[in-house]
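Proteins get letters first, then strands, A, B, ... in listed order; numbering begins at 1 in each.
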Amino acid sequence: MNQKRKLIVGGIVIAGALTYMIYAGVTQSAVYFVTPAELRAAPVPGKAYRLGGMVVPGSLKWEPRSLDLSFTLSDGTATVPVRHKGTPPDLFGEGRGAVLEGSWTADGYFKATLIMAKHSEEYKAPHDQSEAGYRELLKTLRGEGR
Amino acid sequence: MADNWSFVIAAYGLAVVVLAMYWRFLVRRERELDDAGVVRQQLRQAPGVSGHAQTEPGSRSPLP
Amino acid sequence: MRRLLGGATLAGLVAGLVMAFGIAPREATQGNVQRIMYLHVPSVWVAYLAFGVVLVASVVYLVRRDDRADRLAHASAEVGVLFTGLTIATGSIWGKPTWGTWWTWDARLTSVSILFVMYLGYLLLRGMVEDRERGARFAAVLGIVAAFNIPLVHFSVIWWRTLHQPPSLMKPGPGAMPGIIVAALLVNFAAFTLLYVYFVTRRTVVLGLEAEAEA
């Protein structure tokens with residue numbers, strides 16, 4: 001009987017976890033991030049967003065002493081200026097994809113609280129210098145597949 | 001580019017530990033059940049030898 | 001026979017490690033942390049394979065009511081859960097240095113968690129129903145229903161916007177990976193497949209002995 005109770009508790013825990021994950025899946029993962037163009041179309045100051053795009057080459061400024069990071073995020077159509085305080089992940093860099101968590105400010109920039117680097121599906125041997133196509137990466141960022 | 005070897009070691013170490021543990025579980029469980037099976041068979045073949053319930057080591061279900 | 005399978009599995013795993021650490025180059029963008037891929041991707045392949053076997057064995061059980069099919073489904077689900085857990089753990093360990101986060105609720109990570117919890121529930125259900133035959137029947141139905149998650153997990157990165165990158169191996173057109181990385185992956189695929197077969201056969205035998213002991 002005790003064994004059975006344990007199983008029933010386990011069942012409830014699992015059902016609860018499933019419900020939560022499906023809820024989180026529907027509300028969060030269906031539109032995991034918005035693109036700069038979508039944010040630009042209807043920006044709400046103070047609202048929390050996940051913003052995904054490419055770091056525009058030449059736009060990245062990094063102050064190692066104050067940990068002030070600023071760059072421009074683009075989806076090929078629109079751009080959004082971004083500011084952040086902290087160390088970005090290893091894979092973060094110009095011409096690479098990134099997904100940011102943060103909010104749009106009334107001052108007209110995106111204040112990122114978390115920077116996540118989006119990896120492309122391209123893998124390269126050290127001597128293989130061919131850069132992953134910018135357009136290709138943008139496509140995977142938008143989740144358009146191929 | 002940092003190589004993050006510690007993360008690589010953590011991932012492979014975890015895999016080795018988990019897989020080895022599962023393997024050990026399978027080996028032990030099988031041996032345990034095999035022993036119990038042998039005991040049951042012996043009891044069935046020679047009921048006179050052990051007239052009363054014996055608790056053999058490794059026997060999962062002692063006779064009622 | 002089992003000795004042979006065990007030996008081949010061990011040899012395969014060693015070859016896989018040699019490929020992953022000795023032969024495959026240091027990846028240019030990520031550095032050596034990319035080597036986790038040789039563990040992560042074969043693990044999820046085994047999970048897909050295992051749950052696919054659960055699906056087939058469950059159908060066979062419902063049609064023929066053969067206890068051996070039921071035991072195969074049970075064993076395969078258990079091994080599948082093990083490898084799904086391993087996939088999630090290794091992915092998380094890789095994600096921290098490369099993405100900058102251990103976890104995020106994107107479609108791939110969410111769907112794989114649902115897959116994991118569903119089959120965990122499947123294993124739990126097997127222990128919950130007292131009547132063995134009824135339990136097996138319920139489990140078979142769940143084993144079929146839960147299989148719908150497999151394509152959801154795999155194609156989530158194509159159907160939705162995710163942080164997780166899309167598959168590299170099945171990408172049509174020019175290869176997204178150098179041949180040597182593909183080769184290292186394939187060796188590990190083979191080794192993990194052998195490991196799957198080895199685990200499932202042994203687990204099926206154990207389940208058979210358990211059923212015998214209960215009878």
Side-chain angles (χ1 to χ4, degrees), chain A residues 3-4 6-8 10-11 13-18 20-22 24-35 50 52 86-93 96-99 101 114-130 132 136 139-146, chain C residues 24-31 33-34 37 94-101 104-111 113-114 116-118 120-122 124-125 127-130 152 155-169 171-182 185:
Chain A
Q3 173 78 6
K4 198 165 185 193
K6 236 188 259 169
L7 286 168
I8 288 168
V13 168
I14 282 187
L18 259 184
Y20 173 72
M21 282 189 292
I22 289 167
V26 169
T27 53
Q28 289 195 49
S29 352
V31 183
Y32 178 64
F33 58 75
V34 295
T35 61
R50 239 190 236 114
T87 314
D90 288 350
L91 227 64
F92 178 82
R96 299 230 180 104
V99 176
E101 283 180 6
L114 176 70
I115 293 183
M116 294 180 282
K118 184 163 168 44
H119 182 245
S120 80
E121 71 273 36
E122 305 273 340
Y123 294 84
K124 291 192 289 288
H127 48 82
D128 184 7
Q129 286 307 322
S130 62
E136 191 69 15
K139 252 202 232 161
T140 71
L141 268 170
R142 293 197 197 114
E144 283 168 11
R146 57 227 76 250
Chain C
R26 179 181 181 277
E27 206 267 334
T29 321
Q30 293 183 41
V33 75
Q34 176 267 336
M37 184 178 75
W94 174 84
K96 181 59 187 166
T98 31
W99 288 345
T101 183
T104 185
W105 289 107
D106 82 344
R108 171 53 76 78
L109 278 69
T110 305
S111 59
S113 311
I114 291 172
F116 181 67
V117 174
M118 268 200 143
L120 213 57
Y122 170 96
L124 202 76
L125 177 79
M128 210 144 51
V129 185
E130 253 154 48
L152 206 69
F155 292 107
S156 58
V157 286
I158 292 169
W159 292 341
W160 294 286
R161 289 172 184 170
T162 55
L163 182 64
H164 195 289
Q165 61 276 14
S168 311
L169 269 183
K171 189 181 172 181
M177 278 179 183
I180 190 74
I181 291 184
V182 175
L185 258 183

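Annotation for C:T104 and A:Y32: closest pair OG1-OH, 2.6 Å, computed over non-hydrogen atoms. Of all heavy-atom pairs between C:Q165 and A:H119, the closest is CB-O, 3.2 Å.
Residue contact with chain A, scored on non-hydrogen atoms closer than 4.5 Å, involves the side chain of C:I181 exclusively.
Options A:A17, A:G93, A:P89 differ in how many heavy-atom pairs under 4.5 Å they form with chain C, and the most are formed by A:P89.
Going from atom NZ of A:K118 over to atom OG1 of C:T162 covers 4.5 Å, rounded to the nearest 0.5 Å. Expressed to the nearest 0.5 Å, how far CZ of A:R50 lies from CG of C:D106 amounts to 8.0 Å. A:I14 CD1 to C:F116 CZ: the interatomic distance, rounded to the nearest 0.5 Å, is 9.0 Å.
Counting heavy atoms from C-beta on, the side chains of C:R161 and A:V99 never come closer than 4.5 Å. Residues C:T98 and A:D90 form no side-chain contact, since every pair of their non-hydrogen atoms from C-beta on lies 4.5 Å or further apart.
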